[in-house]
S.K.: 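Here you go, one structure.
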Amino acid sequence: MKLSICAIASEVVPLAKTGGLADVASALSRQLTAGGHDVRLFVPFYSQIRRDRLQAARVESLQGLAIITGSHEYRVDVWKAKLPGSSTPVYLVESDALFARTRLYTGDPDEHRRFLVLTRAALECCRRMNFRPHIVHSHDWHTAFAPLWLRSNYKNDPVFANTRSVLTIHNIGYQGEFSAADAGDLDLGADAYLLHQDDLRAGRVNALKNGILHADAVTTVSPTYAREITTPQFGMGMETALAARGKAVRGILNGVDYEEWDPRRDKYLPIHFSAADLPRKAELKRNFLLRQNLKPTQGRVPLLGIVSRLASQKGFDLLTESLPRLLKNHDLRLAVVGTGDAQYEKFFAGLAEKHRGRAWFFAGYDEALAHWIEGASDVFLMPSLYEPCGLNQMYSLRYGTIPVVRRTGGLADSVTHFDPTTGEGTGIVFNDFDTSAMDWALDTAMQWFVQPDLWQKIVLNAMRCDFSWETQANEYLKLFAELLQVDAAALIERNTAQKAAG
Ligand code: ADP
Ligand code: GLC
């Protein structure tokens, strides 16, 4: 059986990206397309998207669509392109009034309306194209109103007669809350009773919560995070809504796009390596240190790397305590690329200044540098406070760059603590979110690194891990099959047969 899937996301690589959502929206869509399914992906045509690099064409039947949100009316033009390097069609929703801003996400008063229009436009496009999706797949709060609209404004529309909705939560920390005074923007008419009523009385509308309540299935991006968010500690106010959905909530670990992240043929790196050729990784490290004016290392001195949004979610409150001590007590090199909270930018800039030649910081977003750090480092630091899935620790594993992570969310599901007695494990995993646990993990990394045989064992274990999308996309297909009450094997077989064919 061939599935028709309408996926709606606020970012997608390589067109527009601020984090892992963009990687996932792209890789999952491409994987399902390669499996023979008809996936149509809808994203905003942000002014930041490089139009010269994209062969996009206007879809004639989708020009000047009127999208009404309460008292506001927007005209959108829809363009179509291929997701670069694939045959997945991406529909770009253009509205200068909404998507020509200095950043992808803003704190502007109409922020919720920008994404209501995206979501509404995607559903309207399905109607106009007579595209009858089996699945409408929303990602995060931005597109979380699709399930509710399918139960209200579109409930009698034949195009959606057999549609099931799925909401994937990539990060519960962002919920798209807006004032109840703007509830009219949803254009629900008599179906407004479907909105979470206690929230309305409290003067707010929460996009994510309404998605959780109305989606046929709710997924998040790792099994551990799926359990964590049902607790008040991690649920950020969504735990009751999630509990109400019971078994409709599940975790599917993200995959890695190994076309993009492979040390044997990484297009950003001048030197390639594999598990059979580790001296070349050491060569890449030397090359990187030289390029960034970091002192060359003699003997076993590790390079520690970080690639991250600089947000408290990522555990920087531990690192601001532990890294200065570590740099004082050990010989090591540190390379950080990241952008975000000013306090952390300031911290890393200060560290690089103080330890010039040993610590290095690039404040910004840079795809090539991200690959360099993954490839050249010995150790990757990701001690997150919470982590729905996390991709960088999985990239690190493939590059033999040993992750130091906290046991939470997808980090717990993808990295196992190395046990020197059995020789099993792929990284260094600590439990408590406090500096003594962080110090312990960093000291362990330093102690293990100076033992070449032991370190090599961890590196080889890490490089063998396989988190490919081929496997993970099948987990989504199993879920879709359950929702549609069809045989999962038939969907997955199609997936496998198509890929084998082409
Ligand atoms: P999150 O989505 O929470 O930021 P993930 O680990 O899932 O975390 O994904 C982050 C993605 O963004 C990875 O692909 C990572 O390489 C990339 N990334 C984050 N910060 C930067 C940066 N400053 N420069 C380049 N890539 C970055
Ligand atoms: C979010 C999460 C991250 C996850 C990514 C993709 O941004 O913070 O853990 O890997 O989405 O699902």
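Computed from a prediction, not measured in an experiment: that's the story for all the values here. Atoms within each ligand, like the ligands themselves, are counted from 1 in listed order.
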S.K.: Looking only at protein heavy atoms, which one is nearest to atom 8 (O) of ligand 2, and what is the separation?
M.R.: Gln313 NE2, 3.2 Å
S.K.: Step by step, work out the side-chain hydrogen bond (donor to acceptor under 3.5 Å, both in side chains) result for Glu228 and Gln233.
M.R.: CA-CA 8 Å; Glu228 287 174 341; Gln233 190 194 346; over 6 Å; no
S.K.: Show me which atoms of ligand 1 lie under 4.0 Å from any heavy atom of Gly338.
M.R.: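 Heavy-atom distances to Gly338 below 4.0 Å select 23 (N).
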S.K.: Is the cationic atom of Arg398 (NZ for Lys, CZ for Arg) positioned less than 6.0 Å from the six-membered ring centroid of Tyr258 and within 45 degrees of its normal?
M.R.: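 Yes; both conditions hold, so Arg398 lies above the ring face of Tyr258.
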S.K.: Could you walk me through whether Thr224 and Arg227 pass side-chain hydrogen bond (donor to acceptor under 3.5 Å, both in side chains), step by step?
M.R.: CA-CA 5 Å; Thr224 296; Arg227 285 191 297 278; 3.3 Å; yes
S.K.: Between ligand 1 and Asn171, is the shortest N or O to N or O distance under 3.5 Å?
M.R.: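 No, Asn171 has no N/O under 3.5 Å of an N/O on ligand 1.
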S.K.: Which one of Gly20, Ala22, Gly390 has a non-hydrogen atom at the shortest distance from atom 10 (O) of ligand 2?
M.R.: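 The nearest heavy atom belongs to Gly390.
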S.K.: In the protein, what heavy atom is nearest to atom 1 (C) of ligand 2, and what distance, to one decimal place, separates them?
M.R.: His170 O, 3.1 Å
S.K.: Would you check, one step at a time, whether the test salt bridge (Lys or Arg N to Asp or Glu O under 4.0 Å) holds for Glu94 with Arg51?
M.R.: CA-CA 12 Å; Glu94 184 180 53; Arg51 291 169 191 227; 2.7 Å; yes
S.K.: Does the gap between the ring centers of Tyr399 and Phe380 come in under 6.0 Å?
M.R.: no
S.K.: Please determine whether any non-hydrogen atom of Gly390 lies less than 4.0 Å from an atom of ligand 1.
M.R.: yes
S.K.: May I ask you to identify the nearest protein heavy atom to atom 3 (C) of ligand 2, giving residue, atom name and distance to one decimal place in Å?
M.R.: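 The protein heavy atom lying closest is Glu387 OE2, 3.4 Å.
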S.K.: Looking only at protein heavy atoms, which one is nearest to atom 15 (C) of ligand 1, and what is the separation?
M.R.: Asn392 OD1, 3.1 Å
S.K.: For ligand 2, indicate whether the residue Leu21 contacts it via side chain, backbone, both or neither (heavy-atom separation under 4.0 Å).
M.R.: backbone
S.K.: Decide yes or no for Tyr476 and His137: does some side-chain heavy atom of the first lie under 4.5 Å from some side-chain heavy atom of the second?
M.R.: yes
S.K.: Are Glu111 and Arg101 ion-paired here, with the side-chain N under 4.0 Å from a carboxylate O?
M.R.: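 No, Glu111 and Arg101 are not salt-bridged.
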S.K.: For ligand 1, which atoms, with element, lie under 4.0 Å from some heavy atom of Leu391?
M.R.: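 Atoms satisfying the 4.0 Å criterion: 5 (P), 6 (O), 7 (O), 9 (O).
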S.K.: Name the orientation class of the two ring planes belonging to Tyr268 and His371 (parallel below 30°, tilted from 30 to 60°, perpendicular beyond 60°).
M.R.: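 Taking His371 first and then Tyr268, their aromatic rings sit tilted (interplane angle of 30° to 60°).
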S.K.: Is ligand 2 under 4.0 Å from a heavy atom in the side chain of Asn254, in the backbone, in both, or in neither?
M.R.: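 The answer is the side chain of Asn254.
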S.K.: So is Tyr395 touching ligand 1 or not, going by heavy atoms under 4.0 Å?
M.R.: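 Tyr395: in contact with ligand 1 (<4.0 Å).
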S.K.: Could you walk me through whether Ser10 and His139 satisfy the side-chain hydrogen bond (donor to acceptor under 3.5 Å, both in side chains) test, starting with their C-alpha distance in whole Å, then the side-chain angles of each, then the deciding distance to 0.1 Å, before giving a yes or no?
M.R.: CA-CA 8 Å; Ser10 56; His139 294 270; over 6 Å; no
S.K.: Between Asp23 and ligand 1, is there a nitrogen or oxygen pair with a distance under 3.5 Å?
M.R.: yes
S.K.: Go through ligand 1 atom by atom and flag the ones less than 4.0 Å from a non-hydrogen atom of Ala370.
M.R.: 25 (C), 26 (N)
S.K.: Any idea which atoms of ligand 1 are less than 4.0 Å away from a heavy-atom of Lys17?
M.R.: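 Counting atoms of ligand 1 from 1, those under 4.0 Å from Lys17 are 11 (C), 12 (O), 13 (C), 14 (O), 17 (C).
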S.K.: Do the ring planes of Phe115 and Phe99 sit parallel (below 30°), tilted (30 to 60°) or perpendicular (above 60°)?
M.R.: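 Rings of Phe115 and Phe99: tilted, 30 to 60°.
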S.K.: Is Arg40 paired with Asp38 through a side-chain N to carboxylate O contact shorter than 4.0 Å?
M.R.: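 Arg40 and Asp38: salt-bridged.
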S.K.: Report the nearest protein non-hydrogen atom to atom 2 (O) of ligand 1: residue, atom name, distance rounded to 0.1 Å.
M.R.: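 Here the nearest protein heavy atom works out to Gly20 N, 2.6 Å.
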S.K.: At what distance is the nearest protein heavy atom to atom 20 (N) of ligand 1, and which residue and atom is it?
M.R.: Ser308 C, 3.4 Å
S.K.: With side chain to side chain contact (heavy atoms under 4.5 Å, CB included) as the test, pick out the partner of Leu397 among Asn461, Val256, Thr426.
M.R.: Thr426
S.K.: In terms of side-chain geometry, is the basic nitrogen of Arg164 or Glu482 positioned less than 4.0 Å from the acidic oxygen of its partner?
M.R.: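 The answer is no: the pair does not qualify as a salt bridge.
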S.K.: Backbone or side chain, does any N or O of Gly19 fall under 3.5 Å from an N or O of ligand 1?
M.R.: no
S.K.: Are Arg120 and Trp149 in a cation-pi setup, meaning NZ or CZ lies under 6.0 angstrom from the ring centre and within 45 degrees of the ring axis?
M.R.: yes
S.K.: For atom 27 (C) of ligand 1, what is the closest protein heavy atom, and at what distance to 0.1 Å?
M.R.: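 Protein heavy atom at minimum distance: Tyr365 CE1, 3.3 Å.
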S.K.: Any idea which atoms of ligand 2 are less than 4.0 Å away from a heavy-atom of Val24?
M.R.: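 Answer for ligand 2: 6 (C), 12 (O).
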S.K.: With under 30° as parallel and over 60° as perpendicular, where do the rings of Trp440 and His417 fit, or are they tilted in between?
M.R.: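 If you compare the ring of Trp440 with that of His417, the planes turn out tilted.
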S.K.: Apply side-chain hydrogen bond (donor to acceptor under 3.5 Å, both in side chains) to the pair Thr401 and Glu374, showing each step before the final yes or no.
M.R.: CA-CA 7 Å; Thr401 300; Glu374 287 294 0; 4.9 Å; no
S.K.: As an exercise, identify every atom of ligand 1 less than 4.0 angstrom from a heavy atom of Gly364.
M.R.: 22 (C), 23 (N)
S.K.: Among all protein heavy atoms, pick the one closest to atom 25 (C) of ligand 1 and tell me residue, atom and distance.
M.R.: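 Checking every protein heavy atom, the shortest distance to atom 25 (C) of ligand 1 gives Asp366 O, 3.3 Å.
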S.K.: Output the list of atoms in ligand 2 that are nearer than 4.0 Å to some heavy atom of Asn171, sorted by atom number.
M.R.: 8 (O)
S.K.: Could you tell me whether ligand 1 has any atom less than 4.0 Å away from a heavy atom of Lys314?
M.R.: yes
S.K.: Within ligand 2, which atoms have a heavy atom of Val221 less than 4.0 Å away?
M.R.: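 Close to Val221: 12 (O).
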S.K.: Can you name the atoms of ligand 2, numbered from 1 with element, that are less than 4.0 Å from a heavy atom of Arg309?
M.R.: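 Answer for ligand 2: 8 (O).
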S.K.: Under 3.5 Å, N or O to N or O, is Arg309 touching ligand 1 that way?
M.R.: yes
